Engineer: 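Have a look at this one.
Because the structure is a prediction, the values reported are computed rather than measured. Sequence lines set the chain letters: A, B, ... in the order given, protein chains first and strands last, and positions in each chain run from 1.
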Amino acid sequence: MYAQMVKTAGTGVKKPSEMTAQERDFQAKIDRNEKIEPKDWMPDDYRATLIRQIGQHAHSEIVGQLPEGNWITRAPTLERKAILLAKVQDEAGHGLYLYSACETLGVSRDELLDMLHQGKMKYSSIFNYPTLNWADIGAVGWLVDGAAIMNQVQLQKTSYGPYARAMVRICKEESFHQRQGYSIMMKMATGSKAQQAMAQDALNRLWFPSLMMFGPPDKDSVHSAQSMAWRIKINTNDELRQRFVDQTMPQMEYLGLTCPDPSVKWNEDKGGYDYTDPDWDEFFAVLRGNGPCNTERMAARVDAWDNGAWVRDGLMAHANKKAARVAAE
Amino acid sequence: MTNAALTTDEALFQFLLRLGDNTLILSHRVSEWCGHAPVIEEDIALANTALDLIGQTQFWLGLAGEVEGKGRSADQIAYLRDAWDFRNLLLVERPNGDFGKTLMRQFLFDAWQSLMLAKLMKSTNIRIAEIAEKASKEVAYHVERSADTVVGLGDGTPESHARMQTALDDLYPYVGEMFIGDAVDAALVKDGIAPDPASLRNDWDDLVGRVMAEATLTIPQKPFAHVGGKSGTHTEHLGYVLADMQFLQRAYPGAEW
């Protein structure tokens, strides 16, 4: 997951008659469900859109270390600490595969990071919310990773080969993450009164931000048609959001927690839950930089990069000296 | 506690706390880096190191609880003791400082731990030998990585060299404690359970000497050593580590997580 509001490059879906022969061949290949590989010809707009989408996804994995890392030193048992460390390590690994997938499109990891640090690229809005109690670590695994999986499962079928293959591995790890989150929620929801209150508090704060992870409603999603034609996106935002609510509500009932959306209700006719959309004004405010943690998250990443410059320079200088010594021998 | 009053099980319990507290506190420090490393590969490596150390902690403190015989689990030992009952080396509770200091601390410890584990693999206590064998595989990787990083940064740019020399100078007074034996050590040496700490010094000096030479760093020629960690007199830093680490267990006694 973690790609929202990715602006699709270009002027919209072209009719076959408006395409060049090369573009028609490209589209036909996608329509036959064949993968596009790095050395294949691709329209510039396809390339640019993928860089935005995969880059945003990679940045989300890296920034996503911060809210979870916030609880590693305070994890309540050695086992919970070990599991959380393993999970956060996985997230950094996902960032690494995704930056590598993005590099096959002709942009370097350093360039992508530079765009993130300058505010020219985004990461998922969800990571601009704080983790305030231990149950948030459970809720992040259950809801945030759950929402991520919903989006990523479909992306295993995306048209760009390196992205699709990265997703296969990432999905396996994410389903472990979701299970560990749910296991924390189970403990909390069946624990002491204080623990139950933590679980409910975490759900109250993270429910609507999790729904925002799928992006704005389809009626306002101006970029979808071309991305879907290119199979960079397989399902619409609302389809995925509905699927997420349908999957999550029975789990919430099993936990005995109360949905912060009082109007959520099973609708027999549509075979899914009716629910209230999140506050889209809040969503857009967070994207503009006005979420609770935007400033801190960006400052943490920029500081990590700037304070680490001497390390990268030092290791590079050493590698060059070593290469020069080998060459001189 | 005098030498005469120390039974083998009491000494063994103290020794296992030392091993487990070293890995627990160092893991805590390393995990403070999460999401803040200079490059993603280092974020992954730091989390991986912290994770290995927690795994080792579970073994050492778990065995400590068994030896103690009062029914305490590894979690209860980790989360429900105060600072004066911790037995880790002062070195591992030193604050992280910059990335270079974190990796210097790691290397100084890894070098010692790899030698200690090699001896413990031959311990007459089979449980200790088994844990040491498992941990030594992880530590072989830790020492390789921390040594490479110390060399890369020591022999890197003038800035990275200067930072690594400062790190070594600042941390060196915490090295000596690793090699100073006491009654606990003596009781275990006698039964072939653990080595005399002083016996590790020459090999450690050789290993660290080779790495520092390659890193173009100068080992301080000051024998002064801060001591206290092994017997429970810590620096001011440990209290804050524990306040963080033990918060939930202390605030919600008896809860299951």
Engineer: Of the backbone (N, CA, C, O) and the side chain (C-beta and beyond), which part of B:A78 lies under 4.5 Å from a heavy atom of chain A, both, or neither?
Structural biologist: side chain
Engineer: Can you tell me how far apart CD (B:E256) and OG1 (A:T190) are? Round to the nearest 0.5 Å.
Structural biologist: 8.5 Å
Engineer: Between A:V311 and chain B, with a heavy-atom cut-off of 4.5 Å, which part of the residue counts as in contact: side chain, backbone, both or neither?
Structural biologist: both
Engineer: Between the side chains of A:R325 and B:D155, is the shortest nitrogen-to-carboxylate-oxygen separation below 4.0 Å, so that they form an ion pair?
Structural biologist: yes
Engineer: If I take atom CE from residue A:M316 and atom OG1 from residue B:T157, how far apart are they, to the nearest 0.5 angstrom?
Structural biologist: 12.0 Å
Engineer: Select, from A:G138, A:G64, A:A75, A:P76, the one with the greatest count of heavy-atom pairs under 4.5 Å involving chain B.
Structural biologist: A:P76
Engineer: Taking CD in B:E214 as the centre, count heavy atoms belonging to other residues, nucleotides or ligands within less than 6.0 Å. Is the count above 12?
Structural biologist: no
Engineer: What's the spacing between B:S31 OG and A:K81 NZ if we round to 0.5 Å?
Structural biologist: 5.5 Å
Engineer: NE2 of B:H36 to CG of A:L66: how many Å apart, nearest 0.5 Å?
Structural biologist: 5.0 Å
Engineer: Name the option with the most non-hydrogen atom pairs under 4.5 Å to chain B; the candidates are A:S192, A:A82, A:A194.
Structural biologist: A:A82
Engineer: Counting heavy-atom pairs under 4.5 Å with chain B, which one of A:K322, A:M188, A:R109 comes out on top?
Structural biologist: A:R109
Engineer: Report yes if the side chains of B:D98 and A:W310 come closer than 4.5 Å at any heavy-atom pair, otherwise no.
Structural biologist: yes
Engineer: For chain B, find which of A:I72, A:D306, A:V63, A:T73 contributes the most heavy-atom pairs closer than 4.5 angstrom.
Structural biologist: A:T73
Engineer: Side chain from CB out, backbone as N, CA, C, O: work out which of these in B:V241 comes under 4.5 Å of a heavy atom of chain A, or both, or neither.
Structural biologist: neither
Engineer: For A:Q118, is the CD atom crowded, meaning more than 12 foreign heavy atoms sit under 6.0 Å from it?
Structural biologist: yes
Engineer: Using non-hydrogen atoms only, which part of A:M198 is less than 4.5 Å away from chain B: side chain, backbone, both, or neither?
Structural biologist: side chain
Engineer: Does the side chain to side chain contact (heavy atoms under 4.5 Å, CB included) test come out yes or no for A:Q89 and B:L46, once each step is laid out?
Structural biologist: CA-CA 9 Å; A:Q89 185 188 354; B:L46 288 163; over 6 Å; no
Engineer: With a 4.5 angstrom heavy-atom cut-off, could you sort out which part of B:R163 is near chain A: side chain, backbone, both or neither?
Structural biologist: side chain
Engineer: With respect to chain A, which residue among B:T149, B:I54, B:D75 yields the maximal number of heavy-atom pairs within a distance under 4.5 Å?
Structural biologist: B:D75
Engineer: Is the shortest side-chain heavy-atom distance between B:L153 and A:H318 below 4.5 Å?
Structural biologist: no
Engineer: Between chain B and each of A:S183, A:G308, A:A92, count heavy-atom pairs under 4.5 Å; write down the option with the most.
Structural biologist: A:A92
Engineer: Taking atom CG of B:N48 and atom CG of A:L85, what is their separation to the nearest 0.5 Å?
Structural biologist: 9.5 Å
Engineer: For A:G69 and B:C34, work out which heavy atoms get closest and say how close.
Structural biologist: CA-SG, 3.8 Å
Engineer: Does atom CZ (B:F59) have a neighbourhood of more than 12 heavy atoms from anything else shown, all under 6.0 Å?
Structural biologist: no
Engineer: Is it the side chain or the backbone of A:Q195 that comes within 4.5 Å of chain B heavy atoms, both, or neither?
Structural biologist: side chain
Engineer: Counting only non-hydrogen atoms closer than 4.5 Å, does A:E91 touch chain B with its backbone (N, CA, C, O), its side chain (CB onward), both, or neither?
Structural biologist: neither
Engineer: At a 4.5 Å cut-off on heavy atoms, which part of A:R74 comes close to chain B: side chain, backbone, both, or neither?
Structural biologist: both
Engineer: Please determine which of B:D43, B:V39, B:I44 meets the side-chain contact (heavy atoms from CB on, under 4.5 Å) test together with A:L96.
Structural biologist: B:I44
Engineer: Between B:W257 and A:K187, is there a side-chain heavy-atom distance shorter than 4.5 Å?
Structural biologist: no
Engineer: Between B:E41 and A:R312, is there a salt bridge with N-O shorter than 4.0 Å?
Structural biologist: no
Engineer: If I measure from the heavy atoms of chain B, does A:L78 come under 4.5 Å with its side chain, its backbone, both, or neither?
Structural biologist: both
Engineer: Say you draw a straight line from CG of A:D313 to OG of B:S160; how long is it, rounded to the nearest 0.5 Å?
Structural biologist: 8.5 Å
Engineer: Please rank A:R80, A:E79, A:K321 by heavy-atom pairs under 4.5 Å with chain B and give me the top one.
Structural biologist: A:K321
